[in-house]
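Inspection log for the structure reproduced underneath, given as structure tokens.
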Amino acid sequence: MKKVQVVVIGAGVVGMSTAVCIVESLPSCTVTVLAEKFSPDTTSDVAAGILLPKEIQGVPLERQRRWFKGTFDHLLAITESPQTSEAGVFMSSGYQIFKEVPRNTKPYWADIVFGFRIMTDREMKRFPNYKFGQAITTLKCESLRYLPWLEKRFTKAGGQMKQEKVTDLQQLAQSYDVIVNCSGLGSRSLVGDEQVYPVRGQILKVHAPWLKNFIRDADGNTYIYPGIDYVTLGGTQQANDWCLEVDKDDSKGIVERCSKLVPALRTAQVLGEKVGLRPGRSKLRLEREWLQVQERQVPLVHNYGHASWGISLSWGTALEAMDLVRRILHEKPPHARL
Ligand SMILES: Cc1cc2nc3c(=O)[nH]c(=O)nc-3n(C[C@H](O)[C@H](O)[C@H](O)COP(=O)(O)OP(=O)(O)OC[C@H]3O[C@@H](n4cnc5c(N)ncnc54)[C@H](O)[C@@H]3O)c2cc1C
Ligand SMILES: O=C([O-])CC(=O)C(=O)O
């Protein structure tokens with residue numbers, strides 16, 4: 001039987017996760033990933049990779065829980081397998097600290113991570129400028145290892161990858177039956193979605209192998225994440241800033257803020273500086289529509305706009321996107337090119 005030709009646009013963590021879910025779960029499909037950039041050149045490669053999402057307003061909590069739990073469980077299974085080192089996924093414990101007591105002290109993901117608890121007064125004494133804190137054991141997924149690992153898993157399952165910038169979906173629809181859009185910030189021009197905007201983030205990689213626990217200021221502007229080869233220090237959240245150059249003042253500010261939390265970081269050797277543009281959107285877009293291409297209705301599934309939580313929600317949203325494709329296949333045989 002003729003296979004259904006599916007194309008996934010984008011090879012960041014969202015595109016590669018979605019492509020793997022489709023190729024492994026829907027044997028009637030042939031899957032191609034088309035992307036302008038692959039690892040190590042995507043935004044996903046810049047991410048610290050901590051699994052610590054924030055509530056997205058306007059999206060039902062049950063759906064957000066599914067996205068996060070789907071990702072957590074998938075990555076947790078990797079840590080329990082021999083693949084953990086190659087995939088760059090491991091457990092990470094630390095603190096999220098707040099300058100003011102938040103309205104909701106127990107986030108929706110509190111029972112999905114391990115050992116969530118409110119920090120004790122004694123622990124809080126280490127952070128005199130903060131009023132409240134959460135102790136958390138979660139996962140960290142380093143894209144510089146994880147994306148090549150996903151690419152390998154994808155091609156092993158029969159998937160194909162091609163480097164190409166897509167500019168015209170109508171033209172793409174001539175060659176494919178189903179289009180899955182995981183182009184992140186690229187969706188702004190690709191599908192004309194002006195709700196997607198860049199949120200610039202800069203980080204430093206430093207040598208501090210003695211540091212084992214993460215610390216995150218809940219405002220998202222200061223974080224310290226120990227990793228496999230380096231410690232990530234961040235960050236910045238500059239909305240509508242398209243600049244991919246490293247800004248020396250941003251780096252200075254990051255070191256300043258992080259060394260207020262851990263003074264020894266002031267003299268830590270800097271191994272690198274990176275900038276990424278997060279695909280900001282008030283709500284991430286995960287839905288399908290039909291593209292009218294002459295006489296045909298071509299199914300188009302969108303999975304983009306993950307903002308600061310693309311790693312945290314990657315597998316859960318990929319599973320839902322795969323399910324949308326599955327349903328499309330049941331409703332209409334796309335190879336009939338209706
Ligand atoms: C400094 C920083 C730290 C972060 N830390 C974390 C963290 O700790 N935890 C977390 O969960 N998240 C974190 N994030 C957020 C995370 O990086 C993003 O949410 C995630 O990378 C989005 O993934 P994506 O696949 O949608 O986009 P991207 O990684 O940007 O991938 C988009 C893909 O689409 C392709 N593309 C775009 N347009 C086109 C086109 N027209 N044609 C062909 N291909 C196209 C691109 O080339 C690329 O392959 C961080 C982000 C930054 C910047
Ligand atoms: O906020 C964090 O802890 C890391 C992150 O997701 C980002 O910088 O986007």
Transitive ILVMFWY side-chain link L139 to L144, under 4.5 Å:
no

Do E331 and R288 sit within salt-bridge range, that is, some charged N less than 4.0 Å from a carboxylate O?
yes

Is there side-chain contact between R327 and M322, with at least one heavy-atom pair below 4.5 Å?
no

Starting from F90, can I reach F214 by hopping between I/L/V/M/F/W/Y residues whose side chains sit under 4.5 Å apart?
no

Smallest separation among heavy atoms of G316 and T71, with atom names
N-OG1, 3.0 Å

I228, T79, L51 screened by side-chain contact (heavy atoms from CB on, under 4.5 Å) with V89, the one that passes:
T79

Pick from W315, F114, W109: which one makes a ring pair (Phe, Tyr, Trp, His ring centres under 6.0 Å) with F72?
F114

Tell me, with the steps shown, if V23 and F154 meet side chain to side chain contact (heavy atoms under 4.5 Å, CB included).
CA-CA 7 Å; V23 80; F154 176 64; 3.8 Å; yes

With no hydrogens and no angle check, is any side-chain donor or acceptor of N221 less than 3.5 Å from a backbone partner on T236?
no

Walk me through whether Q202 and E273 qualify under side-chain hydrogen bond (donor to acceptor under 3.5 Å, both in side chains).
CA-CA 7 Å; Q202 184 165 318; E273 295 160 290; 4.6 Å; no

If we check side-chain contact (heavy atoms from CB on, under 4.5 Å) with P198, which of these qualifies: L277, T43, L244?
L277

Measure the shortest side-chain to side-chain distance between L261 and F127 over non-hydrogen atoms and say whether it is less than 4.5 angstrom.
yes

May I ask you to say whether R65 pairs ionically with D111, meaning some side-chain N is under 4.0 Å from a carboxylate O?
yes

Under the salt bridge (charged side-chain N to carboxylate O under 4.0 Å, His left out) rule, what do R257 and D219 come out as? Steps first, then yes or no, please.
CA-CA 12 Å; R257 293 193 298 278; D219 71 9; over 6 Å; no

Under 4.5 Å between side-chain heavy atoms, counting indirect links through other Ile/Leu/Val/Met/Phe/Trp/Tyr residues: same cluster for I254 and V246 or not?
no

Would you find a donor on one side and an acceptor on the other, under 3.5 Å apart, between the side chain of K140 and the backbone of A48?
yes

Taking side chain as C-beta onward, heavy atoms only, is R278 less than 4.5 Å from L185?
no

Apart from V199 itself, residues in the same hydrophobic cluster as defined by side-chain heavy atoms under 4.5 Å
Y197

What I want to find out is whether K3 reaches D177 closely enough, with some N-O distance under 4.0 Å, to be called a salt bridge.
no

Tell me, do L284 and W309 make a side-chain contact under 4.5 Å, heavy atoms counted?
no

Kindly say whether T42 contributes a backbone atom to a donor-acceptor pair with the side chain of D45 at under 3.5 angstrom?
yes

Heavy-atom nearest pair, V13 first then G310, reads CG1-O, 3.6 Å

Fit a plane to each ring of Y108 and F68, take the angle between them on a 0 to 90° scale, and name the class: parallel (under 30°), tilted (30 to 60°) or perpendicular (over 60°).
perpendicular

Shortest non-hydrogen contact from G15 to V8?
O-CG1, 3.7 Å

Kindly give the heavy-atom pair with the smallest separation between L313 and P53, and that separation in Å.
CD2-CB, 4.3 Å

Tell me if the centroids of the rings in Y95 and Y223 come within less than 6.0 Å of each other.
no

Electrostatic pair R281-D193, nearest N-O below 4.0 angstrom
yes

Closer than 3.5 angstrom, by distance alone: can the side chain of S312 be matched with the main-chain N or O of L52 as a donor-acceptor pair?
yes

V191 reachable from V166 in the ILVMFWY side-chain graph, under 4.5 Å edges:
yes

Are the side chains of V262 and I224 in contact, using a 4.5 Å heavy-atom criterion?
yes

Polar side-chain atom of Q64 near backbone of V59 as donor-acceptor pair, under 3.5 Å
yes

Going by heavy atoms in the side chains, are D250 and Q238 under 4.5 Å from each other?
yes

Report the distance from atom CD of E151 to atom NZ of K156, rounding to the nearest 0.5 Å.
15.5 Å

Are the side chains of I136 and Q96 in touch, meaning some heavy atoms are under 4.5 Å apart?
yes

Trace of the side-chain hydrogen bond (donor to acceptor under 3.5 Å, both in side chains) decision for H306 with S314
CA-CA 8 Å; H306 293 59; S314 55; over 6 Å; no

Spacing of H74 atom NE2 and C141 atom SG [to the nearest 0.5 Å]:
7.0 Å

For S143 and I311, work out which heavy atoms get closest and say how close.
OG-CD1, 3.4 Å

Within the side chain of K212, is there an N or O that forms a donor-acceptor pair under 3.5 Å with the backbone of P209?
yes

Mind checking the CD-OG spacing from Q195 to S187? Nearest 0.5 Å is all I need.
11.5 Å

Minimum heavy-atom separation for A208 to L265, with atom names?
CB-CD2, 4.0 Å

Short question: side chain of T155, backbone of G159 - any donor-acceptor pair under 3.5 Å?
no

For E80, is the CD atom crowded, meaning more than 12 foreign heavy atoms sit under 6.0 Å from it?
yes

Under 3.5 Å donor-acceptor, D168 side chain and Q171 backbone
yes

When you compare the side chain of L172 with that of L34, does any pair of heavy atoms fall below 4.5 Å?
yes

Indicate if L271 and V255 have the same hydrophobic cluster label, given that clusters are the connected sets of ILVMFWY residues with side-chain heavy-atom separations under 4.5 angstrom.
no

Worked verdict on R117 versus E123 for salt bridge (charged side-chain N to carboxylate O under 4.0 Å, His left out):
CA-CA 12 Å; R117 64 176 173 78; E123 285 172 304; 2.8 Å; yes

Going by an N to O cut-off under 4.0 Å, is there a salt bridge joining R285 and E287?
yes

Side-chain donor or acceptor of T32 paired with backbone N/O of Q160 under 3.5 Å
no

Strictly below 4.0 Å, N to O, side chains only: are E320 and R326 in salt-bridge contact?
no

Flag, side chain of Q163 to backbone of E36, donor-acceptor distance under 3.5 Å
yes

